[in-house]
Amino acid sequence: MDIHNNKPIRLFTVPGNGGEIFLVDDENIYFYIEPENSQGSQGRLYSLSLKSNRDKKLNDDMHYMSIEGVDGQFLYYQEESGLFRIDKNNGQKKRLIIPSTIIVVIEDDYIYYIKDDKQGYLYKATKDGQNKMILL
């Protein structure tokens, strides 16, 4: 949005379905696109530079997901099979927490989360998914 005249500025046209799942950091907009008529098939994760308006595909092996947080090197996201992180530079992903989570907060050097189970415990783990512990 141009703040001087309150008119929208088109940054990128999102192909297929999606684009509503996104997150913004200081450098990029990250967004998920699900192919048209896919019904749960593999989608793609992109970044769009706020400086150059250039998009970059980070990964095309994603299933419906939610983006949970971002830090200097990684984007944290969730699929049905767990919580993952993906390297913003090379697109490599790693599963950090199994099973999926219902609440995730990325803060400082830790991930705080509640698993999608009936126990409802609050957990803490380092950002690499190690040193898991129950807090409450």
Side-chain angles (χ1 to χ4, degrees):
M1 175 73 72
D2 183 327
I3 61 172
H4 300 292
N5 63 17
N6 292 330
K7 294 191 178 188
I9 300 170
R10 182 178 303 270
L11 297 175
F12 183 71
T13 301
V14 178
N17 298 327
E20 70 274 356
I21 301 170
F22 68 95
L23 183 84
V24 181
D25 69 7
D26 293 336
E27 300 173 2
N28 296 292
I29 300 171
Y30 303 93
F31 56 96
Y32 170 78
I33 297 175
E34 187 174 281
E36 291 186 59
N37 304 317
S38 67
Q39 300 275 322
S41 68
Q42 295 173 339
R44 295 175 299 280
L45 180 64
Y46 287 87
S47 66
L48 175 67
S49 170
L50 294 172
K51 294 177 183 172
S52 68
N53 287 348
R54 298 185 77 173
D55 65 289
K56 172 182 166 185
K57 182 171 58 172
L58 295 177
N59 192 292
D60 59 2
D61 181 25
M62 314 286 278
H63 298 280
Y64 182 83
M65 41 114 30
S66 63
I67 301 173
E68 301 295 344
V70 66
D71 65 18
Q73 184 178 357
F74 299 104
L75 182 74
Y76 298 84
Y77 68 94
Q78 188 165 195
E79 291 183 350
E80 286 182 10
S81 61
L83 181 69
F84 294 77
R85 75 177 185 192
I86 188 167
D87 189 300
K88 297 188 309 186
N89 297 315
N90 63 25
Q92 290 185 330
K93 64 182 189 176
K94 175 185 177 186
R95 185 179 359 223
L96 302 175
I97 297 167
I98 303 170
S100 62
T101 55
I102 55 173
I103 297 174
V104 176
V105 175
I106 313 293
E107 186 68 34
D108 298 324
D109 295 329
Y110 296 97
I111 302 168
Y112 300 90
Y113 61 97
I114 296 175
K115 287 184 184 180
D116 189 10
D117 60 20
K118 295 182 184 195
Q119 295 172 338
Y121 294 125
L122 174 63
Y123 293 86
K124 172 182 167 180
T126 52
K127 285 185 175 180
D128 61 0
Q130 302 298 310
N131 304 312
K132 296 176 179 98
M133 64 172 32
I134 296 175
L135 295 176
L136 295 172

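The structure presented is a predicted model; accordingly, all values stated were derived computationally and were not measured. FYI, the numbering just counts along the sequence from 1.
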Sequence neighbours left out, what pairs pass ring pair (Phe, Tyr, Trp, His ring centres under 6.0 Å) with at least one residue falling in residues 97-133? Tyr113-Tyr123

Could I get the full list of side chain to side chain donor-acceptor pair (under 3.5 Å) partners for [X], not counting sequence neighbours?
X: Asp61; value: Gln42
X: Asn28; value: Tyr30
X: Ser47; value: none

Apply side chain to side chain contact (heavy atoms under 4.5 Å, CB included) to Lys93 and Glu79, showing your working. CA-CA 12 Å; Lys93 64 182 189 176; Glu79 291 183 350; 4.2 Å; yes

[X]: side-chain contact (heavy atoms from CB on, under 4.5 Å) partners, not counting sequence neighbours:
X: Ile102; result: Ile114, Asp116
X: Asp117; result: Lys115, Gln119
X: Asn90; result: Asp87, Gln92

I'd like to know if the side chain of Ser49 pairs up with that of Glu27 as donor and acceptor (distance under 3.5 Å, no hydrogens or angles considered). no

Under the side-chain contact (heavy atoms from CB on, under 4.5 Å) test against Leu75, which residue among Asp25, Ile86, Asn59, Ile106 passes? Ile86

Tell me whether Glu80 at atom CD has more than 12 heavy atoms from other residues, nucleotides or ligands lying less than 6.0 Å away. no

If I take atom OH from residue Tyr76 and atom CD1 from residue Ile111, how far apart are they, to the nearest 0.5 angstrom?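 Going from OH on Tyr76 over to CD1 on Ile111, the span is 5.5 Å.
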
Interatomic distance, Leu83 atom CG to Lys94 atom NZ [nearest 0.5 angstrom]: 11.5 Å

Side chain to side chain contact (heavy atoms under 4.5 Å, CB included) evaluation trace for Leu122 with Ile103: CA-CA 9 Å; Leu122 174 63; Ile103 297 174; over 6 Å; no

Measuring only between side-chain heavy atoms, which start at C-beta, is [X] closer than 4.5 Å to [Y]?
X: Lys88; Y: Val70; answer: yes
X: Phe31; Y: Ile29; answer: yes
X: Tyr46; Y: Leu58; answer: no

Name all residues meeting the ring-ring contact (aromatic ring centres under 6.0 Å, His included) criterion together with Phe84; count only those two or more places apart in sequence or in a different chain, and write none if there are none.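 Result, ring-ring contact (aromatic ring centres under 6.0 Å, His included) vs Phe84: Tyr77.
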
Is the backbone N or O of Ser81 less than 3.5 Å from a side-chain atom of Arg95, with the two atoms forming a donor-acceptor pair by type? yes

In chain order, what residues pass the salt bridge (charged side-chain N to carboxylate O under 4.0 Å, His left out) check against Lys57, with sequence neighbours excluded?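 Expected list: Asp60.
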
May I ask you to list the residues sharing a hydrophobic cluster with Ile3, side-chain cutoff 4.5 Å, ordered by chain and number? none

Which donor-acceptor pairs under 3.5 Å do side chains of residues 127-136 form with protein atoms, sequence neighbours excluded?
from	atom 1	to	atom 2	distance (Å)
Lys127	NZ	Asp71	OD2	3.0
Lys127	NZ	Asp108	O	2.7
Asp128	OD1	Thr126	OG1	2.4
Asp128	OD1	Gln130	N	3.0
Lys132	NZ	Leu96	O	3.3
Lys132	NZ	Gly129	O	2.8

